There are 2 protein chains.
Amino acid sequence: MPPVTAGVKARSRRGGGRPTIADVASKAGVGAITVSRALREPERVSPRLRRQIMAVVDELGYVPDRNARALASARADVIGVLVPSLTNNVFADVVRGIYEGLDQNHLQVQIGNTHYSQEAEEELLQTFLSQRPSALIVSGIDQSPAATALLERADCPVVQIMETGPDPVDMMIGFSHYEGGRAATRHLIEAGYRRVAFIGARMDPRSERRLAGYRAAMEEAGLFDERLVTTTVRPSSVTTGSELFREALAKAPALDAAFCNNDDMALGALFECHRQGRAVPSEIGIAGFNDLEMMQIAYPSLTSLRTYRYEMGRRAIAMALEAIAGRRPAEPVVDLGFELIVRESTRR
Amino acid sequence: MPPVTAGVKARSRRGGGRPTIADVASKAGVGAITVSRALREPERVSPRLRRQIMAVVDELGYVPDRNARALASARADVIGVLVPSLTNNVFADVVRGIYEGLDQNHLQVQIGNTHYSQEAEEELLQTFLSQRPSALIVSGIDQSPAATALLERADCPVVQIMETGPDPVDMMIGFSHYEGGRAATRHLIEAGYRRVAFIGARMDPRSERRLAGYRAAMEEAGLFDERLVTTTVRPSSVTTGSELFREALAKAPALDAAFCNNDDMALGALFECHRQGRAVPSEIGIAGFNDLEMMQIAYPSLTSLRTYRYEMGRRAIAMALEAIAGRRPAEPVVDLGFELIVRESTRR
DNA sequence: AGATTTATTGGTAGCGCTACCGTTCCCTTG
DNA sequence: CAAGGGAACGGTAGCGCTACCAATAAATCT
């Protein structure tokens, strides 16, 4: 079926025959700079010339060379985004918000995956910085000192997302994972559960803070017990959720609820309950974190702490765009908060 | 809490004080070209000079300017990737494969989201092409004629992913969605189900081909009935799965199985069965498409057609890298196939 | 009317790097 | 020992665009 002609397209050298700004300029009978302006700041060129130039642009199919533009203006039309994972639904939502917040803009996004590694983050930062991005968006507030230094010296706006905390490098948008963990755990206690387990995978700094919030709530109620905490460094997933829930039961057979560090884990725990014939919520209460869409469809529907991930991406970009435009955003540090969504899985 | 100093970082003009290749060259007492070579083709510089140059590079913290490099060499170290969605788990997996296939390489990825729109695809192609990417990866085989023309004229390798079909622009890696839909449907029929419904959201070209495969299998068995097909243009999701399954039941109350165009939909259908007290698999059989991880953890576990999405991303990049290196890949068109994973949800 | 601003356009000079072609020097080879 | 070849390095000349200024014409002010 595949024709034999399929193969590798050649990479020709310089030029490639594409029209340049000089071609447009001479054909339109104007200076190159005027063409440049007509494309970037149309209002600074008279309507007559503008039309004339645009006609030639269309005729020749001229598309400005972004590399030349970036070199000449010392600024690439690129926004660098560093996230620790692409698999994780949470970051997928944030990234979607970023893309959609950009929309009709001429800027491009470049995503770097740090794999939860500070070294990888530093390297990617170097790479991104080497193209003089228009802005940088980084995840979390736990950059290495070297990375922080790079960000501080970077001559572009920087937005830290996912969390809020003291000492923003520049701008910041997120919420408190500690308070989130605390609120979810309190809810379980108020719902009447006593032996509330914590189940957490991929204990990154944010998950650690959720755990700290859980611990605080348990201690406040005089219910904390080391054996109720089960964590792993493995990445979170539905499978890991099932497995860790089994582990938790083995360690603390009398547990009557589980606060999972995210929704995948919660779903895994729910399926494990089904499998073992444990009734949710009467025997076991389950709460997740993030409130992914599936939580309300699951049977029974799952309680979760809703976070505004998409919104976070959108507003991070909005803040970056403001800063690129030279305007100081009204609020350089934004706490988006969260909302506990109580559903069947914790209503007994 | 946020210190008042937080705000917008200034964007200074040209230079920014970063060391250039000339700085390194003079400090190392060599020509600029030699520095350039030492960084890009170390084997072409004598070991002594190389060490000397690298020492200065480290000392000065020199990082080559990617924009200048791209302009001078008429080639940006960027691979453009066009996908129709970032939310969809399927593309998330492919994208992950792409990122990991790249790994230690100096290339960067730039993702463009076409939102299943051919116009958006054309525009993004223009944008990508304007920076002379090292390679392009595009999703599907249903580009508009204009987009196809752009791809054919692009002087870089092009890989079409997700599907196989005739007339690759250059290289291609995927599988047959038609055969996948046919195989899944056949399995349901062989398992003893007779009134097998098709439930499909976001009917993009690939979903249409899955539907065509379903139809073929049903017709072969003399079971096809228009009323068994329920589709929507809305994006697929667990919620949409629940809703569409209800719709399907309203149209064809006697249906005894559902082939869903993807796994989110299948999970939604499963939850809806739980909710309505319909037993799976005895009353209703359910099969999904893609075999996301949650399928095997769901209760009952869900039958699905496994596709090799991560692998597809990895190999697409591998093919692109081969082509960039000027080597012709052994097989320019690759069919990755699929595998039907039979689980509890269709075992009655 | 003369002075001063404002709008519109263009010329010049790079941005920081690499392709291309030399040049130098050392090593073979007949 | 001359001729030839290869390895190692460097100079020159851009890549295609935009920042910075200058120049001109038109508009506004005193």
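As the structure is a prediction and not an experimental result, all values here were calculated from the model. Basis for what follows: all heavy atoms, side chains included, without hydrogens, waters or symmetry-related copies. In what follows, chains carry the letters A, B, and so on, assigned in the order in which the sequence lines appear, proteins first and then strands, with residues in each chain numbered from 1.
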Exercise. Mind jotting down which residue pairs meet the side-chain hydrogen bond (donor to acceptor under 3.5 Å, both in side chains) criterion with at least one end in residues 31-48 of chain B? Sequence neighbours excluded, please.
Key: Ser36(B)-Arg40(B)
Quiz item: Residues from residues 30-51 of chain A sitting under 4.0 Å of DNA chain C, heavy atoms only?
Solution: Val30(A), Gly31(A), Ile33(A), Thr34(A), Arg37(A), Val45(A), Ser46(A), Leu49(A)
Quiz item: Does Arg69(B) have any side-chain hydrogen bond (donor to acceptor under 3.5 Å, both in side chains) partners at least two apart in sequence or in another chain, and if so, which?
Solution: none
Quiz prompt | Which residues share a side chain to side chain contact (heavy atoms under 4.5 Å, CB included) with Glu311(B), sequence neighbours left out | solution = Tyr308(B), Arg315(B), Leu336(B)
Quiz prompt | Of residues 54-62 of chain B, the positions that come close to DNA chain D - non-hydrogen atoms, cut-off under 4.0 Å | solution = none
Exercise. Could you tell me which residues satisfy side-chain hydrogen bond (donor to acceptor under 3.5 Å, both in side chains) with Tyr310(A), sequence neighbours excluded, listed by chain and number?
Key: Glu100(A), Arg314(A)
Quiz item: By side chain to side chain contact (heavy atoms under 4.5 Å, CB included), which residues pair with Thr114(A), not counting sequence neighbours?
Solution: Leu82(A), Pro84(A), Glu121(A), Leu124(A)
Practice problem: Please collect all side-chain hydrogen bond (donor to acceptor under 3.5 Å, both in side chains) contacts where either partner lies in residues 136-149 of chain A, sequence neighbours excluded, each pair once. | Solution: Glu122(A)-Ser144(A), Asp142(A)-Arg209(A), Gln143(A)-Gln160(A)
So which protein nitrogen or oxygen atoms get under 3.5 Å of nucleotides 23-25 of chain D's nitrogens or oxygens?
none

Quiz prompt | Relative orientation of the end axes in the helix from dA1(C)-dT30(D) to dG30(C)-dC1(D), expressed as an angle to the nearest 10° (five pairs per end) | solution = 30°
Practice problem: Just jot down the side-chain hydrogen bond (donor to acceptor under 3.5 Å, both in side chains) partners of Glu59(A), sequence neighbours excluded, or say none. | Solution: Lys27(A)
Self-check item: Contacts of type side-chain hydrogen bond (donor to acceptor under 3.5 Å, both in side chains), residue Asn88(B), not counting sequence neighbours
Solution: none
Self-check item: Nucleotide nearest Ser73(B) (side chain, heavy atoms from C-beta), chosen from dC17(D), dA19(C), dC15(D)
Solution: dA19(C)
